[in-house]
Protein chains: 2
Amino acid sequence: METCKVESCKHTQFKRVDELDVVEAEELSIFFKMYADATRLKILHVLFKGEMCVQCIADELDMSQSAISHQLAILKRNRIIKSRRDKKNMFYSLDDKHIELIFNAAYEHIKE
Amino acid sequence: METCKVESCKHTQFKRVDELDVVEAEELSIFFKMYADATRLKILHVLFKGEMCVQCIADELDMSQSAISHQLAILKRNRIIKSRRDKKNMFYSLDDKHIELIFNAAYEHIKE
DNA sequence: TGAACATATGAACAAGTGTTCATATGAGGT
DNA sequence: ACCTCATATGAACACTTGTTCATATGTTCA
């Protein structure tokens, strides 16, 4: 691997770009994947209001309990949301301080 | 669709959650999809340094010209990057002011 | 115009993803 | 213990995605 031979290419100014660690790139992509699905975004958006139980979310989004539960599991597994049991219900809520920041920055972007 | 019957559910405090528009959710998910792939993240990371031509990027990431070109096309189609021709080379560079903000917020997240 | 180079693109394929359906698990109340 | 309600989970399926391979397009320069 060599640096670019093209003189006009700014790249020639750098010896070697310090690589984004392969593992880090993979981790980052997994993090972004959580937001890369409309259903999950709608779930997160709903949770901005506060915690909510599974069937409530399903009703809100007019989707099946199963579909929602599967997505909640994925979000929880990736520590985007957390759960708490109260009697027969499981309540889910946000567990990531960066969500709103990221969500809003992205929202700004598509509003242009 | 009714509001939740569970009394302890915070949801009961709201009449009806104002839905994230279906189209908006879809647009947002497409935006995040751009960042949800390790190859595209590595490309963007490399472009933080400045514009670069296709083969240079391929060399940097040790990937085929074709694979990189396909990804660049996707990023460009979604207005994350832009291109400029100089003689025989096409130079790509970032075309989104929110990238670094989002990238860094996400990076903060995985570093915990 | 023709050869050489840089990039783009289409088809094909493997791998990954989200939903549905059926069913399992687990807590509460009788 | 049993029944019911709330949620979780596994298998199957259609759909999407990223890479490779082969080739097309387009630019430069002789």
Side-chain angles (χ1 to χ4, degrees), chain A residues 2 4-9 11 22 25-26 29-44 47 51-78 80-93, chain B residues 2 4-9 11-12 22 25-26 29-44 51-78 80-93:
Chain A
E2 301 274 289
C4 188
K5 321 90 208 163
V6 183
E7 277 152 63
S8 53
C9 183
H11 179 196
V22 178
E26 213 63 58
S29 74
I30 290 169
F31 177 70
F32 280 120
K33 271 196 187 81
M34 292 303 100
Y35 301 87
D37 174 74
T39 299
R40 285 194 291 273
L41 285 177
K42 285 189 246 173
I43 290 175
L44 294 175
L47 293 182
E51 63 175 8
M52 205 179 288
C53 64
V54 181
Q55 191 56 56
C56 290
I57 300 173
D59 288 345
E60 274 289 325
L61 305 185
D62 196 21
M63 290 184 64
S64 73
Q65 177 269 318
S66 182
I68 297 299
S69 189
H70 274 295
Q71 296 306 329
L72 288 171
I74 292 171
L75 288 168
K76 190 183 174 189
R77 196 181 310 138
N78 287 276
I80 307 294
I81 61 176
K82 59 184 192 288
S83 66
R84 166 181 85 79
R85 178 178 282 282
D86 181 22
K87 314 242 174 185
K88 278 191 285 190
N89 300 282
M90 285 295 270
F91 289 90
Y92 284 88
S93 57
Chain B
E2 303 273 289
C4 188
K5 322 90 209 162
V6 184
E7 280 152 63
S8 53
C9 182
H11 180 196
T12 54
V22 178
E26 213 63 58
S29 73
I30 290 168
F31 176 71
F32 281 120
K33 269 193 188 82
M34 291 304 101
Y35 301 86
D37 175 74
T39 298
R40 285 194 291 273
L41 285 178
K42 285 188 245 172
I43 290 175
L44 294 174
E51 63 175 8
M52 205 179 287
C53 64
V54 181
Q55 190 56 57
C56 289
I57 300 172
D59 287 345
E60 273 290 325
L61 306 184
D62 196 19
M63 291 184 64
S64 74
Q65 177 268 320
S66 182
I68 296 299
S69 189
H70 274 295
Q71 296 307 328
L72 288 171
I74 292 171
L75 288 168
K76 191 185 173 188
R77 195 181 310 137
N78 286 277
I80 308 295
I81 61 176
K82 58 184 191 292
S83 65
R84 168 182 85 81
R85 176 178 285 281
D86 182 21
K87 315 244 174 183
K88 280 190 284 190
N89 300 281
M90 286 293 272
F91 288 90
Y92 284 89
S93 57

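Protein chains get the first letters and strands the later ones, always in sequence-line order, with residue 1 at the start of each.
The backbone N or O of B:Phe91 sits nowhere less than 3.5 Å from a side-chain atom of B:Arg84 that would complete a donor-acceptor pair. No donor-acceptor pair under 3.5 Å is formed between the side chain of B:Arg40 and the backbone N or O of B:Lys42. No donor-acceptor pair closer than 3.5 Å links the side chain of B:Asn78 to the backbone N or O of B:Ile80.
Between the P atom of D:dT16 and the CG atom of B:Asp37 lies a distance of 17 Å, rounded to the nearest Å. Following rounding to the nearest Å, B:Tyr92 (OH) and C:dT7 (P) show an atom-to-atom distance of 8 Å. Protein atom CD1 of B:Ile68 is 18 Å distant from nucleotide atom P of D:dT17, rounded to whole Å. We find that CD1 of A:Ile57 is positioned 14 Å from P of D:dA6, with the value rounded to whole Å. Rounded to an integer number of Å, the gap from B:Lys33 NZ to D:dG18 C1' is 14 Å. B:Met52 places its CE atom 16 Å from the C1' atom of C:dT7, with the value rounded to the nearest Å. Distance, A:Leu61 CG to C:dT20 P: 12 Å, rounded to whole Å. Atom-to-atom, CD1 of A:Ile74 to C1' of C:dT17 comes out at 8 Å; the value is rounded to the nearest Å.
Each of A:Arg85 and A:Thr39 lies near DNA chain C, and the nucleotide nearest A:Thr39 is the one positioned closer to the 5' end.
The base of C:dA8 is paired with the side chain of B:Gln65 by a donor and an acceptor separated by under 3.5 Å.
You'll find the side chain of B:Ile68 stays beyond 4.5 Å of the side chain of B:Gln71, heavy atoms only.
From A:Ser83, atom OG reaches atom CG of A:Leu75 across 11.5 Å, with rounding to the nearest 0.5 Å.
In this pair, A:His70 does not lay its aromatic ring on the base of C:dT19; centres under 5.5 Å and planes under 30 degrees do not both hold.
When heavy atoms are screened at a 4.0 angstrom cut-off, B:Ser64 is found touching the sugar-phosphate backbone but no base atom.
Proximity note for A:Gln71 (side chain, C-beta onward) versus D:dA6, D:dT19, C:dT19: the nearest is C:dT19. Taking only side-chain atoms of B:Ser66, from C-beta outward, the nucleotide of C:dG18, C:dT9, C:dA22 with the closest atom is C:dT9. Among C:dC5, D:dT7, C:dT17, the nucleotide with an atom closest to any side-chain atom of B:Lys88 is C:dC5.
Between A:Asn89 and D:dC5 there is no side-chain polar atom (N or O) within less than 4.0 angstrom of OP1 or OP2.
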